Amino acid sequence: MSKALEGVRVLDFTHVQSGPTCTQLLAWMGADVIKVERPGEGDATRGQLRDIPGVDSLYFTMLNHNKRSVTINSKTKGGMAVLERLIQHCDVLVENFAPGALDRMGLSWERVHALNPRMIMASVKGFGPGKYEDCKVYENVAQCAGGSASTTGFEDGLPTVTGAQIGDSGTGLHLALGIVAALYQRTHSGRGQKVLAPMQDAVLNLCRVKLRDQQRLERTHTLHEYPQYPDGKFGDAVPRAGNASGGGQPGSILKCKGWETDPNAYIYFITQAPVWEKICDLIGEPGWKTHPDFAKPPARLPRLKQIFERIEQWTMTKTKFEVMNECNALDIPVGPILSMKELAEEQSLRETGTIVEVDHPTRGKYLSVGNPIKLSDSISEVERSPLLGEHTDEILTKVLKFSPREVAAIKASGATGQAPKAQAAE
Ligand code: COA
């Protein structure tokens, strides 16, 4: 079976999380991803959050599956010559260096485009053009600057960042979509193009519903689905909504049996309007089906606190899985709060390849998240991440077709590894 992106070669000049998530997805879709790393140290994440001394961290291995690694010192003449040859042999260049770093290397868009007019050059940056365009950005900076933190958390608490890496992995996903769209356009135009995914913009895109609410607030000065309604006050910006869904179907996190000792004995319960009558029967409030205070959604909005307190009296008598089973049998949407431990052990996720066990030559077996996007005619197999520079020789000889003499000269110049001092100064 062929894979969706078979035949596409990617020069992966990414590091840390945002760029690597993008190129990992492309690799899972079948692209040949060649990760360029600095000799000696490689991607900084190889050594970050290590759980086994001297072994590539889980941070690195879980973000760099199915790639080949070549070490190139881009700050040497020989290294730049290899990089330029790679640019001529690849379809896509992906990078997420700090603003200006690629230009300083001599790889401006103009230069890349001149070397390979079909090249798609894709970048993650913290901010798009404007007053912050030169700033370095990490995950939580993007969560704050993209509107997520101001709208996450409880009304009386601090702005809060979320564990979902919407700034890094979320932007990587946006970039991957931009790349495949540009590849598709190239099939008609024959030309490459630049693709930019700023992290602030990606987070804002994921917070789209909050900009919706900002405008509703400005028009009506209230948001009836938010916990501040009806007793609290609204300011001029969308407030933090705690665990309220804030959307058309009110929801909340409720305690389940065992909550006193188990921090994850909770369930998200949605009072979806079409199943309201079933909810009333289930929790023992059949009178609410016809009572004017509860029968219709608008009447329920000022009483959500009371309603969820009553539903919680019922959920507290059951485990989260019992609530899940009973509610789903009635088409009532609920979500158990699953811990990472529970997810790691979840059989159905193992069966679909979303949780995979991977073998690594120095680490041994570890769990990873496989491709969450399933294509019926392009199967993803998760392969271990490469060791630093593991494929340097293979890339130089088989992909770039350097002769043995040229390879020897490249190596002697220090372009692919630690060079003798005199040559490293090149
Ligand atoms: N050989 C030689 N030098 C190399 C190299 C190689 N193979 N690969 C990278 N470098 C150099 C670059 O040329 C640059 O040097 P310069 O600053 O002297 O020009 C440097 O390494 C990389 O710089 P930078 O990107 O600034 O790394 P950093 O660790 O200081 O910053 C980030 C990290 C993530 C903050 C920054 O890269 C960034 O803001 N990226 C864009 C946003 C982003 O993706 N953030 C999320 C990360 S998960």
Side-chain angles (χ1 to χ4, degrees), residues 11-24 34-49 57 59-60 62-64 67 69-87 93-108 111-112 121-129 132-146 161 164-176 178 195-203 386 388-389 391-392 395 410 413-419 423-426:
L11 194 176
D12 179 6
F13 219 170
T14 69
H15 65 157
V16 203
Q17 185 184 165
S18 65
T21 53
C22 166
T23 50
Q24 179 167 262
I34 300 172
K35 184 169 175 103
V36 174
E37 295 181 84
R38 203 198 302 244
E41 47 203 290
D43 188 325
T45 59
R46 283 187 187 267
Q48 284 174 357
L49 311 178
S57 69
Y59 194 6
F60 177 84
M62 291 176 72
L63 288 166
N64 290 285
K67 303 180 184 179
S69 166
V70 53
T71 47
I72 301 174
N73 184 345
S74 65
K75 291 188 173 159
T76 63
K77 246 195 267 162
M80 190 43 73
V82 178
L83 265 176
E84 292 194 343
R85 183 98 147 220
L86 257 178
I87 288 168
L93 186 163
V94 191
E95 65 89 22
N96 67 312
F97 291 123
L102 216 59
D103 285 343
R104 287 196 292 280
M105 269 183 212
L107 292 178
S108 62
R111 177 74 186 135
V112 171
M121 184 163 156
S123 302
V124 169
K125 293 289 166 260
F127 293 92
Y132 299 127
E133 65 186 309
D134 292 328
C135 299
K136 288 188 175 183
V137 168
Y138 282 104
E139 171 68 46
N140 288 341
V141 177
Q143 287 196 23
C144 294
V161 294
Q165 303 285 284
I166 57 175
D168 281 338
S169 292
T171 307
L173 261 167
H174 282 77
L175 192 71
V195 180
L196 171 67
M199 295 168 75
Q200 180 185 43
D201 305 40
V203 171
L388 180 60
H391 304 97
T392 300
I395 304 294
I410 289 165
S413 76
T416 58
Q418 282 330 40
Q423 287 158 326
E426 198 182 51

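For clarity, every value in this text was computed on a predicted model and none was experimentally measured. Atoms within each ligand, like the ligands themselves, are counted from 1 in listed order.
Of the protein's non-hydrogen atoms, Ser74 OG, 3.8 Å is the one closest to atom 5 (C) of ligand 1. Annotation: atom 16 (P) of ligand 1 to nearest protein heavy atom, Lys75 NZ, 3.5 Å. When hydrogens are left out, the protein atom nearest atom 45 (N) of ligand 1 is Val137 O, 2.7 Å; that is the closest non-hydrogen contact. Summary of contacts: the protein heavy atom closest to atom 34 (C) of ligand 1 is Tyr138 CE2, 3.9 Å. Given atom 27 (O) of ligand 1, the protein heavy atom at minimum distance is His15 CE1, 3.6 Å. Of the protein's heavy atoms, Phe97 CZ, 3.6 Å lies nearest to atom 8 (N) of ligand 1. Atom 20 (C) of ligand 1 has its closest protein heavy atom at Arg38 NH2, 3.8 Å. Scanning the protein for heavy atoms near atom 25 (O) of ligand 1, the closest one is Ala98 N, 2.8 Å.
Between Gly78 and Ala415 the shortest heavy-atom distance is C-CB, 3.5 Å. Counting all heavy atoms, side chain and backbone alike, Ser74 lies closest to Leu83 at CB-CD1, 3.5 Å. Nearest heavy atoms, Val161 versus Cys144: CG1-SG, 4.3 Å.
Inspection of the Thr23 and Lys67 side chains reveals an N or O donor paired with an N or O acceptor under 3.5 Å. The closest side-chain donor-acceptor pair between Glu37 and Thr71, if any, does not fall under 3.5 angstrom. A side-chain N or O of Gln17 and one of Gln165 form a donor-acceptor pair less than 3.5 Å apart.
Without hydrogens or angle criteria, Lys136 side chain to Pro99 main chain gives no donor-acceptor distance under 3.5 Å. Remark: side-chain polar atoms of Gln200 are not paired, donor with acceptor, to backbone N or O of Phe127 under 3.5 angstrom. Put simply, the side chain of Ser69 gets close to the backbone of Gly389: a donor and an acceptor are under 3.5 Å apart. Checked by atom type and distance alone, the side chain of Asn96 pairs as donor or acceptor with a backbone atom of His15 at under 3.5 Å. Using modelled atom types, one side-chain atom of Glu139 and one backbone atom of Gly167 make a donor-acceptor pair closer than 3.5 Å.
Using a 4.0 Å cut-off to heavy atoms of Gln17, the atoms of ligand 1 that qualify are 48 (S). Those atoms of ligand 1 with a heavy atom of Val16 less than 4.0 angstrom away are 47 (C), 48 (S). Atom numbering of ligand 1 starts at 1 in the shown order; those under 4.0 Å from a heavy atom of Asn73 are 1 (N), 2 (C). Within the listing of ligand 1, atoms 41 (C), 44 (O) sit less than 4.0 angstrom from a heavy atom of Val124.
Residue contacts with ligand 1: Asn96 is placed with a nitrogen or oxygen under 3.5 Å of a nitrogen or oxygen of the ligand (distance criterion only). Inclusion of Ile72 in the set of residues having an N or O under 3.5 Å from an N or O of ligand 1 is warranted.
For atom 46 (C) of ligand 1, the nearest non-hydrogen atom from the set Asp103, Asp168, Leu83 belongs to Asp168.
Remark: distances from the non-hydrogen atoms of Ser18 to ligand 1 include one below 4.0 Å.
At a 4.0 Å heavy-atom cut-off, ligand 1 does not touch Glu139 at all.
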